[in-house]
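Contents: one structure, followed by commentary.
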Amino acid sequence: GNIVTNSFHKYIKSDNLNFTIKNYNFNQVFQVLNSRSELDVLIVHLTKDYFINDGYSVNYSLFNLFAKTAYDFCISNKTILILNNIDYQNEEVVLSQNFEFQNKINILNKKLFNLTKKINNIFLYDLNTSLNRLGYNNSFLTRNNFIFKMPYSVKMLSVIGAEYTKIIEQ
């Protein structure tokens, strides 16, 4: 089968499955979700940067469009869609604003979770649990965000890849 993801190709490993990986940039996700799929698995790894700007305002219309497009994709394709919840880790937000920021993220994550209840071929990976287990300083590496738009350390990418592999093997 085929798996579409970005940046995880060397971290998703399985002795039990034979697959190839195609990589797309996140700005091509809508194009992929709007097309007929021959894929077995599609991984769309979400980061808060796509839906939240530097002023911490959420682009709910973009998020809702993404959720509707993901829903429509799963209705019209047999492809398994793997998404992740959006992390609320942020060292730049002062404490009083942090709760408001987390509430915004929780609204988005609840909508993602509700998608999994509506469609049985959407799976949601709990990224926040993995981030909490590894710790903020071990999980994030700003330099990686500049190189390939993925804010995680190599250690965290390995954890995420292992979790995606578990989901795929199920």
Side-chain angles (χ1 to χ4, degrees), residues 3-17 19 21-29 32 41-60 62-64 66-67 70 80-117 121-170:
I3 299 171
V4 177
T5 185
N6 190 9
S7 306
F8 294 103
H9 61 279
K10 61 184 176 183
Y11 300 103
I12 298 175
K13 301 173 185 167
S14 174
D15 295 332
N16 303 328
L17 300 171
F19 56 85
I21 296 178
K22 297 179 183 179
N23 291 301
Y24 294 96
N25 292 325
F26 196 82
N27 60 2
Q28 294 174 303
V29 167
V32 173
V41 177
L42 173 63
I43 298 172
V44 178
H45 187 85
L46 303 170
T47 62
K48 62 183 166 276
D49 300 341
Y50 194 71
F51 302 110
I52 299 172
N53 68 21
D54 291 337
Y56 304 110
S57 69
V58 177
N59 187 338
Y60 289 106
L62 179 62
F63 181 84
N64 290 334
F66 170 78
I80 293 170
L81 178 61
I82 302 174
L83 304 172
N84 60 282
N85 61 359
I86 299 169
D87 78 90
Y88 48 79
Q89 308 295 323
N90 195 337
E91 65 183 13
E92 298 173 16
V93 178
V94 295
L95 186 60
S96 59
Q97 294 171 323
N98 195 34
F99 292 112
E100 182 181 344
F101 179 70
Q102 285 184 14
N103 284 334
K104 290 176 182 180
I105 297 293
N106 287 336
I107 290 168
L108 300 180
N109 286 336
K110 184 174 183 180
K111 289 182 180 191
L112 289 171
F113 177 72
N114 287 338
L115 275 177
T116 67
K117 290 177 155 185
N121 57 331
I122 296 180
F123 293 85
L124 188 62
Y125 160 52
D126 186 1
L127 176 65
N128 282 313
T129 295
S130 294
L131 290 169
N132 288 336
R133 283 185 184 146
L134 197 56
Y136 185 89
N137 291 332
N138 292 320
S139 299
F140 292 97
L141 188 60
T142 308
R143 179 180 49 187
N144 280 351
N145 203 31
F146 295 121
I147 295 170
F148 57 90
K149 299 295 183 207
M150 195 56 74
Y152 309 116
S153 67
V154 171
K155 194 181 280 189
M156 187 63 203
L157 286 171
S158 182
V159 169
I160 293 169
E163 293 299 323
Y164 282 151
T165 301
K166 284 183 200 173
I167 293 169
I168 293 165
E169 289 180 335
Q170 290 177 359

Practice problem: Check whether any side-chain heavy atom of Leu81 sits under 4.5 Å from a side-chain heavy atom of Val44, and report yes or no. | Solution: yes
Quiz prompt | Inter- and intrachain pairs under salt bridge (Lys or Arg N to Asp or Glu O under 4.0 Å), touching residues 154-164, at least two apart | solution = Glu163-Lys166
Exercise. With sequence neighbours left out, write down each residue that passes side chain to side chain contact (heavy atoms under 4.5 Å, CB included) with Glu169, or none if nothing qualifies.
Key: Ser14, Asn16, Leu17, Thr165
Self-check item: Phe123 side, atom CZ; Ile167 side, atom CD1 - distance, nearest 0.5 Å
Solution: 8.0 Å
Quiz prompt | From CG (Asp87) to OH (Tyr152), nearest 0.5 Å | solution = 5.0 Å
Quiz prompt | Ile107: partners by side chain to side chain contact (heavy atoms under 4.5 Å, CB included), with sequence neighbours left out | solution = Tyr60, Lys111
Quiz item: Quick one: salt bridge (charged side-chain N to carboxylate O under 4.0 Å, His left out) partners of Glu100, sequence neighbours excluded?
Solution: Lys104
Practice problem: Please examine the side chains of Phe51 and Phe66, heavy atoms only from C-beta on, and report whether any two atoms are closer than 4.5 Å. | Solution: yes
Exercise. Would you mind reporting whether Tyr11 and Val154 have side-chain heavy atoms less than 4.5 Å apart?
Key: yes
Quiz item: Roughly how far, to the nearest 0.5 Å, is OG1 of Thr129 from CG of Leu134?
Solution: 12.5 Å
Self-check item: CZ-OG distance between Arg133 and Ser139, expressed to the nearest 0.5 angstrom
Solution: 12.0 Å
Exercise. Answer yes or no: is there a donor N or O on one side and an acceptor on the other, between the side chain of Asn85 and the main chain of Leu127, under 3.5 Å?
Key: yes
Quiz prompt | Pairing residues for Leu124 by the side chain to side chain contact (heavy atoms under 4.5 Å, CB included) criterion, not counting sequence neighbours | solution = Leu83, Leu112, Phe113, Thr116
Quiz item: Considering all heavy atoms of both residues, which atom of Ala67 and which atom of Leu115 are nearest to each other, and what is their separation?
Solution: O-CD2, 3.9 Å
Quiz item: Do Asn128 and Asn109 come within less than 4.5 Å of each other through their side chains, counting heavy atoms only?
Solution: yes
Quiz item: Quick one: CG on Asn138 to CZ on Phe140, what's the gap to the nearest 0.5 Å?
Solution: 11.5 Å
Exercise. Quick one: pull up CD1 in Ile160 and CD1 in Ile43 and give me the separation to the nearest 0.5 Å.
Key: 10.5 Å
Quiz item: Any side-chain heavy atom of Phe101 sitting closer than 4.5 Å to one from Ile52?
Solution: yes
Exercise. Only counting residues at least two apart or in another chain, list the ones meeting ring pair (Phe, Tyr, Trp, His ring centres under 6.0 Å) with Tyr125.
Key: Tyr164
